[in-house]
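Some notes on the structure that comes next.
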Amino acid sequence: MAPGTIGRVTSAVPSGSDVRVRFAPAPTGYLHLGGARTALFNWLFARQQGGELVLRIEDTDAERSRFELIEVIYRALEWLGIDWDGEPVHQSDRSELYRAAADTLLASGHAYWCDCTPDDVKARAEARGGKPGYDGHCRDRALGPGPGRVVRFRTPDDGETAFDDLVRGPITFANAELEDFVIVRSNGVPMFLVANAVDDPEMGITHIVRGEDLINTTPKVLLLREALGVDTSAVYAHLPLIVNEKRQKLSKRRDDVSMGDYIERGYLPEAMRNYLALLGWGPPDGVEIRPIAEIIELFRLEDVGKSSAFFDLKKLASFNGHYIRELPATEFVERSTHWLFDKAPWPAERFHAATFERLAPLVQERVELLSEVPGYVDFVFLADPVIDDDSWAKAMGKSPDNARAQLDAVLEAYETATWEAEPLMAVIAESGARLGLPKKQWQAPVRVAVTGRTVGPPLGEALEVLGRDEVLRRLRAARERLAA
RNA sequence: GCCCCCAUCGUCCAGCGGCCUAGGACGCCUCCCUUUCAAGGAGGUAACACGGGUUCGAAUCCCGUUGGGGGUGCCA
C-alpha cells in the first residue's frame with residue numbers, strides 16, 4: 001500500500017459473515033445514550049451482515065475503571081436487546097500483549113523513552129508561544145527505562161496519514177500535526193491507543209464503528225499499526241455525535257444521559273432502541289416506527305448521516321407512548337409491575353392486582369411513560385385521594401353552588417344506583433342536565449371528590465372499581481369541605 | 001491558537017443533477033370525536049445558512065465566507 005493511503009479502502013472490504021465489529025466501552029461510567037447508540041449501530045450492522053459483534057472492555061486505566069460498572073453496562077445492553085458474540089475481552093487482562101508491542105516499537109526505533117513531566121511539556125509549550133503539545137524534547141536523548149518515564153511514539157515528520165471513512169469519506173491528517181504521543185504511562189501501563197492497535201487486528205475486527213469524537217485518534221492508531229507491521233486495512237465509520245439543545249456533545253455531568261435513568265423512568269426498550277436507530281440514520285421508505293427486524297434488514301452503515309443529532313426527548317416519549325399502546329394488555333400489566341410495587345405511592349398491602357387489571361387498559365392508552373401509571377390509579381389504592389389544589393379550584397371553586405348541587409344529587413342517587421359504570425355515569429348526566437349545568441360541570445366535581453384530580457381514567461369505571469361505600473364516603477367528605 | 005469535521009422545517013430523517021411549487025416523523029396550531037385526560041381522524045404552520053462558480057438545468061457538484069461542533073491528557 002502506498003504511503004499516505006494507510007487504511008484506505010481498496011478492493012476487498014469484508015462483508016456478510018466475514019464482518020466482525022466491536023463495541024468497546026470504558027467502564028468509567030454507566031452506559032450512556034451515546035454509547036448505547038454506538039453499540040446499537042454496531043449491532044445493527046453485524047446482524048444485518050450476518051457477522052459478529054464482540055465486546056471489549058477498555059479498562060487500561062485502572063484508576064478510572066470501576067469493575068462493578070461492567071455488569072451495569074451489560075445489563076443496559078441486554079435491556080436494549082443488544083446481544084453479543086463470545087466472551088467479552090478485557091483489556092486489563094492483556095497488558096502483556098500491549099507491553100510487548102511497545103517493546104517492539106522501542107526496539108525498532110519507532111518509540112523512545114521520555115522523562116518529561118506533564119508540567120515540563122506544558123511549560124515549554126507556553127514558552128514556545130502557547131501552542132500545546134509535546135515538542136519532541138527526548139526524541140534523540142536515547143534515554144532508557146526509569147522511574148517516572150513514559151514511552152512516546154515517534155510520529156513521522158512529513159507525509160500524511162489518510163483513511164476512507166465509511167460515513168465521512170476520505171479524511172487526511174498531516175503527520176507533522178501529530179505530536180509524539182505517549183504510548184506507555186510512567187506506571188508501565190500502555191495507553192488505549194496501543195491496545196487499540198493491537199486488539200483490533202488481533203481480534204479480527206473488520207469495521208471500526210464508533211463516535212466522531214474519536215476521529216482524531218485514528219491516524220495515531222493507524223501509524224501504530226503500520227509501525228507494528230499489522231494489517232492496516234480496517235474500515236472506519238465514525239458516527240455523528242448526539243448533542244444536547246445547545247448542540248454540544250452529550251456529557252455525563254451536564255446532560256441526562258444514563259440509560260439506567262431512562263429505564264427507571266419507564267421507557268420501553270423497544271421505543272428507546274427504535275428512536276436511537278433514527279439518530280443519524282433513517283429508513284429509505286420513511287417509516288420510522290417499525291419492528292427491529294425490519295430495521296436490521298434496512299440498515300446500511302454507508303447511509304448514516306454526517307451531522308450531529310439532537311436527542312429529542314419529546315419524540316422519544318411519543319414513540320414510547322406508541323409502543324405502550326401496542327402492548328398486549330397482559331404485557332402492559334406485567335411491565336408496569338415495577339412501578340406498581342417498588343415505586344408506588346401506596347403501601348403494598350393496599351394494592352389489588354385484579355382491580356388494577358380492570359383499570360389497566362384504560363391507563364394504557366393514556367400514558368407515555370410507565371412511571372405515569374401510579375398517578376392514574378393511586379386514588380384506588382390510597383386510603384384517601386390526594387386532592388390536587390388546582391383541580392379542586394377548577395372543579396369546585398369556580399361555581400361552588402353548582403358543585404354542591406351536583407354532589408348532593410349524585411350522592412342521593414348513588415345510595416341506590418346500580419353499581420356499574422354506565423348507569424353511574426347516567427346518573428351524573430341526568431342530574432347535570434336537570435340542574436341545568438354546563439356539560440363541563442357535570443362530572444368534574446364528582447371526579448375531583450373521588451380521585452382528587454380533573455385528569456384520570458374514565459369516571460364510570462373509576463367509580464365502579466372503588467365501590468359504593470368508598471365513593472359515598474369520598475363524596476360526603478368533599479361535600480363537607482365545600483360547605484366549609 | 002492549531003488540527004479535523006459538519007451545515008434541508010424548531011427537532012430527527014428523505015432528497016445522491018431534472019420527478020422539488022422540497023417529502024415523512026416529533027412538536028406546535030385548527031377542526032372532528034368526546035360529560036375529564038388521552039387515543040383516533042382531517043387539515044395547517046414551518047427549511048435547502050450566505051456568496052461565487054460548473055451545468056441547458058443545483059437542495060444536490062466545486063471554491064470561499066459565515067456559523068456550529070469535535071479534538072488538542074501519562075482519559076477513552
Side-chain angles (χ1 to χ4, degrees), chain A residues 24-28 58-61 63-65 91 114 116-118 121-122 129-133 148-152 165 168 171-174 177-179 181-187 189 191-193 195-196 210-219 238 240-241 243 245-249 275 278-289 303 305-319 321-322 325 362-368 376 391 394-395 425-426 428-429 432-433 437-444 446-448 451 453-460 462:
Chain A
T28 54
E58 306 226 324
D59 53 358
T60 63
D61 186 348
E63 286 180 22
R64 282 166 219 268
S65 297
Q91 288 188 328
C114 166
C116 300
T117 65
V121 174
K122 203 176 162 191
K131 288 187 181 164
R149 292 185 181 175
V150 299
V151 178
R152 286 182 183 273
D165 193 285
R168 266 148 230 285
I171 299 174
T172 307
F173 291 84
E177 296 295 341
L178 306 172
E179 63 175 317
F181 54 92
V182 173
I183 58 174
V184 180
R185 301 176 175 88
S186 58
N187 65 5
V189 181
M191 303 264 305
F192 94 106
L193 290 164
N196 242 282
R210 22 119 89 150
E212 192 199 330
D213 50 342
L214 288 165
I215 208 162
N216 295 303
T217 70
T218 307
H238 285 96
L241 260 20
V243 299
E245 56 290 327
K246 291 160 93 174
R247 301 247 118 219
Q248 294 165 321
K249 177 172 89 159
Y275 176 69
L278 266 19
L279 255 27
W281 178 82
D285 60 7
V287 179
E288 297 192 322
I289 297 185
D303 287 343
K306 303 180 213 286
S307 37
S308 51
F310 169 65
F311 186 79
D312 187 356
L313 215 44
K314 282 191 175 165
K315 187 157 178 173
L316 204 216
S318 162
F319 275 34
H322 176 93
R325 273 172 257 124
L362 305 172
V363 175
Q364 185 173 0
E365 63 178 52
R366 288 173 168 74
V367 296
E368 273 192 329
Y376 275 87
S391 294
K394 213 160 132 193
M425 288 313 286
I428 287 174
L437 304 182
K439 270 195 175 183
K440 292 262 178 202
Q441 292 177 22
W442 288 7
Q443 66 157 288
V446 179
R447 177 179 286 282
V448 173
T451 73
R453 281 185 282 264
T454 51
V455 171
L459 186 54

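Any value given below was found using the heavy atoms of this structure, including those in side chains, with hydrogens, waters and symmetry copies removed. Here the structure is a predicted model, which means the values were calculated and not measured. So you know, we letter chains A, B, ... as the sequences are listed, proteins then strands, and number each from 1.
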Could you state the interatomic distance from CD (A:Q443) to CG (A:L459), rounded to the nearest 0.5 Å?
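That separation rounds to 5.0 Å.
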Summarise protein proximity over nucleotides 32-39 of chain B in one line of letters, 5' to 3': B for base, S for sugar-phosphate only, - for none, counting protein heavy atoms closer than 4.0 Å.
---BBBBS
Output one letter per nucleotide in nucleotides 65-76 of chain B: B when a protein non-hydrogen atom lies under 4.0 Å from the base, S when only the sugar-phosphate is that close, - when neither is.
----SBS-BBSB
How many Å lie between [atom1] on [X] and [atom2] on [N], as a whole number?
{"X": "A:D285", "N": "B:rA25", "atom1": "CG", "atom2": "C1'", "result": "12 Å"}
{"X": "A:E245", "N": "B:rC26", "atom1": "CD", "atom2": "C1'", "result": "16 Å"}
{"X": "A:D312", "N": "B:rC9", "atom1": "CG", "atom2": "C1'", "result": "14 Å"}
{"X": "A:W281", "N": "B:rA14", "atom1": "CH2", "atom2": "P", "result": "9 Å"}
{"X": "A:F310", "N": "B:rA25", "atom1": "CZ", "atom2": "C1'", "result": "15 Å"}
{"X": "A:L316", "N": "B:rG27", "atom1": "CG", "atom2": "C1'", "result": "14 Å"}
{"X": "A:K315", "N": "B:rC12", "atom1": "NZ", "atom2": "P", "result": "9 Å"}
{"X": "A:F181", "N": "B:rC2", "atom1": "CZ", "atom2": "P", "result": "23 Å"}

Please give the nucleotide sitting opposite [N] as a Watson-Crick or G-U wobble pair, both distances under 3.5 Å, or none.
{"N": "B:rA42", "result": "B:rU30"}
{"N": "B:rG23", "result": "B:rC13"}
{"N": "B:rC2", "result": "B:rG71"}
{"N": "B:rA7", "result": "B:rU66"}

Checking side chain to side chain contact (heavy atoms under 4.5 Å, CB included) between A:Q91 and each of A:V189, A:T60, A:D61, which is the one that passes?
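Testing each of A:V189, A:T60, A:D61 against A:Q91, the sole residue satisfying side chain to side chain contact (heavy atoms under 4.5 Å, CB included) is A:T60.
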Where the side chain of A:S307 is concerned, which of B:rC5, B:rA25, B:rA7 is the nearest nucleotide?
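Closest of the options to the side chain of A:S307: B:rA7.
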What nucleotide, of B:rC26, B:rG24, B:rC5, holds the atom closest to the side chain of A:E288?
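Out of B:rC26, B:rG24, B:rC5, the nucleotide with an atom closest to A:E288's side chain is B:rG24.
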Counting C-beta onward and ignoring hydrogens, is there a side-chain heavy-atom pair between A:Q248 and A:V243 closer than 4.5 Å?
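SC-SC contact between A:Q248 and A:V243 ruled out.
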Answer yes or no: is there a donor N or O on one side and an acceptor on the other, between the side chain of A:Y275 and the main chain of A:S318, under 3.5 Å?
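Between the backbone of A:S318 and the side chain of A:Y275 there is no qualifying donor-acceptor contact (under 3.5 Å).
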Hey, does the side chain of A:W442 reach the backbone of A:L437 with a donor-acceptor pair shorter than 3.5 angstrom?
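Confirmed, A:W442 side chain pairs with A:L437 backbone.
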Yes or no on salt bridge (Lys or Arg N to Asp or Glu O under 4.0 Å) for A:R185 and A:E63, after CA distance, side-chain angles and deciding distance?
CA-CA 13 Å; A:R185 301 176 175 88; A:E63 286 180 22; over 6 Å; no
